[in-house]
Amino acid sequence: MRMSRSGLLVIELVIAVGIFSLCAAICIGLFVQADRVSRESDMLSRAVSAAQNVAEQYKAADGDLGRLAEACGALQMADGSLTLAFDAGWLQVDPADGAASYRLTVTPETAQGYQRASLTVRQAGSDEALYTLPLAAEGRP
């Protein structure tokens with residue numbers, strides 16, 4: 001029995017639609033992955049920018065965490081560290097407010113002859129650091 005031309009056309013169309021569907025599924029997966037990478041890159045870029053701003057203020061304050069807290073509106077904790085909080089759009093918010101999406105912490109370290117600290121940016125509720133930066137200034141210890 002011979003296949004009619006219309007039967008072959010339907011088979012060709014089914015194969016073409018299948019190949020197109022496979023290619024579309026691969027492209028959609030790549031677009032989703034690219035969007036995720038773009039969001040992570042933006043988050044890291046903003047974390048680095050915020051860390052660099054605070055690092056410059058730390059240097060201008062000669063490593064004095066009290067002056068740094070006043071300059072950048074940080075909350076000084078009982079252990080001597082400073083905390084800044086940011087919302088999802090990286091606008092600074094009150095650190096005591098529970099709406100913070102990101103937290104920047106400056107933790108003092110002991111050093112001889114100069115002030116040292118460690119700056120860490122984390123996503124709220126996460127222990128994993130997005131960005132860390134060692135700080136040093138020539139102020140009095």
Side-chain angles (χ1 to χ4, degrees), residues 1-139 141:
M1 188 165 147
R2 287 182 27 187
M3 260 196 173
S4 67
R5 288 186 159 256
S6 63
L8 288 175
L9 180 64
V10 169
I11 292 173
E12 288 178 18
L13 286 174
V14 167
I15 291 172
V17 167
I19 291 173
F20 178 76
S21 298
L22 179 65
C23 291
I26 290 170
C27 286
I28 289 173
L30 290 174
F31 285 136
V32 168
Q33 184 179 1
D35 181 60
R36 181 184 52 78
V37 168
S38 174
R39 289 178 194 269
E40 288 175 0
S41 176
D42 182 53
M43 179 176 53
L44 180 59
S45 175
R46 290 179 183 230
V48 169
S49 178
Q52 287 175 339
N53 287 340
V54 172
E56 289 296 327
Q57 290 178 350
Y58 179 83
K59 185 176 176 182
D62 294 326
D64 184 353
L65 293 182
R67 285 178 34 204
L68 177 63
E70 291 175 17
C72 61
L75 178 65
Q76 194 155 14
M77 307 302 276
D79 64 356
S81 65
L82 299 181
T83 299
L84 281 90
F86 301 91
D87 64 6
W90 285 91
L91 297 174
Q92 192 169 344
V93 295
D94 183 16
D97 187 13
S101 296
Y102 303 98
R103 295 205 177 270
L104 184 148
T105 307
V106 179
T107 308
E109 298 174 357
T110 57
Q112 290 183 341
Y114 58 95
Q115 297 285 54
R116 290 187 57 183
S118 174
L119 186 150
T120 306
V121 182
R122 289 185 171 85
Q123 204 164 11
S126 173
D127 289 336
E128 185 179 341
L130 292 174
Y131 186 72
T132 57
L133 184 67
L135 303 176
E138 292 184 16

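Note: hydrogens, waters and symmetry copies are ignored here, and every other heavy atom, side chains too, is used. Predicted model, so just to flag it, every value in this text is computed and none were measured.
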Would you give the length of the straight line joining atom [atom1] of [X] to atom [atom2] of [Y], rounded to the nearest 0.5 angstrom?
| X | Y | atom1 | atom2 | answer |
| --- | --- | --- | --- | --- |
| Asp94 | Asp87 | CG | CG | 12.0 Å |
| Leu65 | Gln76 | CG | CD | 6.0 Å |
| Arg46 | Asp42 | CZ | CG | 4.5 Å |
| Ser49 | Leu44 | OG | CG | 11.0 Å |
| Tyr58 | Cys72 | OH | SG | 12.0 Å |

Quiz item: For the residue pair Ala137 and Gly63, what are the closest heavy atoms and their distance?
Solution: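 So the minimum-distance heavy-atom pair works out to CB-N, 3.5 Å.
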Practice problem: Heavy atoms only: give me the nearest Ala55-Leu133 pair and the separation to one decimal. | Solution: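 Minimum heavy-atom contact is CB-CD2, 3.7 Å.
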Quiz item: So, Ser81 side chain and Met77 main chain: donor-acceptor pair closer than 3.5 Å or not?
Solution: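 No, because the side chain of Ser81 does not come within donor-acceptor range (under 3.5 Å) of the backbone of Met77.
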Can you confirm whether [X] sits close enough to [Y] that some side-chain heavy atom of one is under 4.5 Å from a side-chain heavy atom of the other?
| X | Y | answer |
| --- | --- | --- |
| Arg116 | Pro108 | no |
| Thr107 | Thr120 | no |
| Leu68 | Leu82 | yes |
| Leu130 | Tyr102 | yes |
| Arg122 | Tyr131 | no |
| Val106 | Leu135 | yes |
| Leu104 | Thr83 | no |
| Arg103 | Val121 | no |

Quiz prompt | Worked check of side chain to side chain contact (heavy atoms under 4.5 Å, CB included) between Glu109 and Ser118 | solution = CA-CA 7 Å; Glu109 298 174 357; Ser118 174; 3.2 Å; yes
Self-check item: Verdict with reasoning, Gln57 to Asn53, per side chain to side chain contact (heavy atoms under 4.5 Å, CB included)
Solution: CA-CA 6 Å; Gln57 290 178 350; Asn53 287 340; 5.6 Å; no
